[in-house]
S.K.: 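Could you have a look at this structure, given as structure tokens, before my questions?
Note that the coordinates shown come from a computational prediction; the quantities given were computed from them, not determined experimentally. Note that the numbering runs from 1 along the sequence shown for the chain.
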Amino acid sequence: MLGSRQALHRVALGSASAASLAFLSTTLLSKSSDDHIPSLGYTWTHTGFLDAFDAKAVRRGYQVYKEVCATCHSLEKIHFRELQGVTHSSKELIEMASEIDVVDGPNDEGEMFERPGKLSDPLPKPYANEEAGRAANGGALPPDLSLMAKARHGGVDYIFALLTGYCEAPAGKVMLPGLYYNPYFAGGAIAMPPPLQDGQVTYPDGTEATTSQMARDVSVFLNWAAEPEHDERKLQGFKYLTVLGLTLAVTGYYKRFRWSTLKTRKISYVN
């Protein structure tokens, strides 16, 4: 009888171990089944409970976007006015907006016309339409980056990993002409060539423009672009929680001490 129990115990342990190994293998395979490496978790200065975006990093990131990324990618949901006080002053933004020509109208005669840009205008698109974008990029349409930090698993970590993850394709990986190997991109083959190189931009604040620095700055900027209300939301949330805490403290004090004489009073009825 004792030997049977020991045998059953060994079988149960073996089954549990096999189930654990199968679960672990399934988990690892599910993460690798898309033929790409999941992005790592990096440290960012704005992800804390009360942390705000680094204004200098956002401004440098906008410079990288404007000088490098904007040649192919749009940022349709961001207007010049939203950059006010974040990356540039009002005067700088007015000058920047006035440098572009915007098609507006119709006028009183029913015709479209061009005018200088205003703060209420969105950032300019690199292509007039989708067909022009595909024609200029061999059939691949560069996506809009307004919500890229929200549209991809990993968010800002994915953007940074993608920008810095270009490398030679491993043995046996067949790359079609016009595609580049990036292990962080689904499928491993991406039509966008490596966009960043050391010294590609010159930062006014003297920061060394290495590939990783530029990738980090533009990742922060794109994260801000996906949620420009980020800092204000945290500030308002802190205010609400502070007021709520004070209200609870005052309410507790009032209940405990103001009503203590009534709650501890004993009423006796005499016949």
S.K.: I'd like to check Val64 versus Tyr203 (side-chain heavy atoms, cut-off strictly below 4.5 Å). Are they in contact?
M.R.: yes
S.K.: Could you tell me whether the side chain of Lys234 and the main chain of Asp51 form a donor-acceptor pair under 3.5 Å?
M.R.: yes
S.K.: Just wondering, more than 12 heavy atoms not from Glu229 lying within 6.0 Å of its CD?
M.R.: yes
S.K.: Less than 4.5 Å apart, any side-chain heavy atom of Arg59 and any of Pro204?
M.R.: no
S.K.: Atom CZ of residue position Phe113 - does it have more than 12 heavy atoms of other residues, nucleotides or ligands inside 6.0 Å?
M.R.: yes
S.K.: Ring centres of Phe160 and Tyr42 under 6.0 Å apart?
M.R.: yes
S.K.: Hydrogens and angles aside, do Asn137 and Tyr127 bring a side-chain donor and acceptor to less than 3.5 Å of each other?
M.R.: yes
S.K.: Examine the side chains of Asp157 and Trp44 and answer whether a donor and an acceptor come within less than 3.5 Å of each other.
M.R.: yes
S.K.: Does Leu145 belong to the same Ile/Leu/Val/Met/Phe/Trp/Tyr cluster as Leu141, with side-chain heavy atoms less than 4.5 Å apart forming each link?
M.R.: no
S.K.: How long is the span from the CD1 atom in Ile100 to the CD atom in Glu114, to the nearest 0.5 Å?
M.R.: 11.0 Å
S.K.: Nearest 0.5 Å please: distance from the CG atom of Leu241 over to the CZ atom of Phe238.
M.R.: 8.5 Å
S.K.: Under 6.0 Å between ring centres: does that hold for His230 and Phe53?
M.R.: yes
S.K.: Looking at OH of Tyr166 and CG of Asn182, how far apart are the two atoms once the value is rounded to the nearest 0.5 Å?
M.R.: 5.5 Å
S.K.: With clusters defined by side-chain heavy atoms of hydrophobic residues (ILVMFWY) lying less than 4.5 Å apart, directly or transitively, does Leu75 cluster with Val68?
M.R.: yes
S.K.: Evaluate the side-chain proximity of Val250 to Thr247: yes if any heavy-atom separation is below 4.5 Å, no if none is.
M.R.: no
S.K.: Please say whether more than 12 non-hydrogen atoms of neighbouring residues, nucleotides or ligands are located less than 6.0 Å from CD in Glu109.
M.R.: no
S.K.: Below 4.5 Å, heavy atoms only, C-beta onward: do Phe221 and Asp217 meet side chain to side chain?
M.R.: no
S.K.: Grouping I, L, V, M, F, W and Y whenever their side-chain heavy atoms are under 4.5 Å apart, do Leu222 and Leu147 come out in a common cluster?
M.R.: no
S.K.: Determine whether Val102 and Leu123 fall in the same hydrophobic cluster, where Ile, Leu, Val, Met, Phe, Trp and Tyr are linked whenever their side-chain heavy atoms lie under 4.5 Å apart.
M.R.: yes
S.K.: We want to know whether Gln84 and Ser90 form a side-chain donor-acceptor pair, criterion being a heavy-atom distance below 3.5 angstrom.
M.R.: yes
S.K.: Would you indicate whether Glu168, at its atom CD, is surrounded by more than 12 heavy atoms from other residues, nucleotides or ligands within a distance under 6.0 Å?
M.R.: no
S.K.: Taking atom types as modelled and ignoring hydrogens, do the side chains of Asp198 and Thr210 form a donor-acceptor contact shorter than 3.5 angstrom?
M.R.: no
S.K.: For the atom pair CG (Leu162) and CE (Met192), what is the distance rounded to the nearest 0.5 Å?
M.R.: 5.0 Å
S.K.: Contact between Arg60 and Asp205 at the side-chain level, heavy atoms closer than 4.5 Å - yes or no?
M.R.: yes
S.K.: Could you tell me whether the side chain of Tyr240 and the main chain of Leu235 form a donor-acceptor pair under 3.5 Å?
M.R.: no
S.K.: Within a reach of under 6.0 Å around CD of Gln236, are more than 12 heavy atoms found that belong to other residues, nucleotides or ligands?
M.R.: yes
S.K.: Should Glu82 and Lys77 count as an ion pair when the cut-off is N to O under 4.0 Å?
M.R.: no
S.K.: Angle between ring planes, His88 versus Tyr62, binned at 30° and 60°: parallel, tilted or perpendicular?
M.R.: perpendicular
S.K.: I'd like to know whether Lys91 forms a side chain to side chain contact (heavy atoms under 4.5 Å, CB included) with Met96, so could you lay out the CA-CA distance, the side-chain angles of the two residues, the decisive distance to 0.1 Å, and finally the verdict.
M.R.: CA-CA 9 Å; Lys91 182 178 179 181; Met96 291 166 53; over 6 Å; no
S.K.: If we count only N and O atoms by modelled type, under 3.5 Å, do the side chains of Asp54 and Thr45 hold a donor and an acceptor together?
M.R.: no
S.K.: Check whether Ile94 and Val86 end up in the same hydrophobic cluster, where Ile, Leu, Val, Met, Phe, Trp and Tyr are linked by side-chain heavy atoms less than 4.5 Å apart.
M.R.: yes
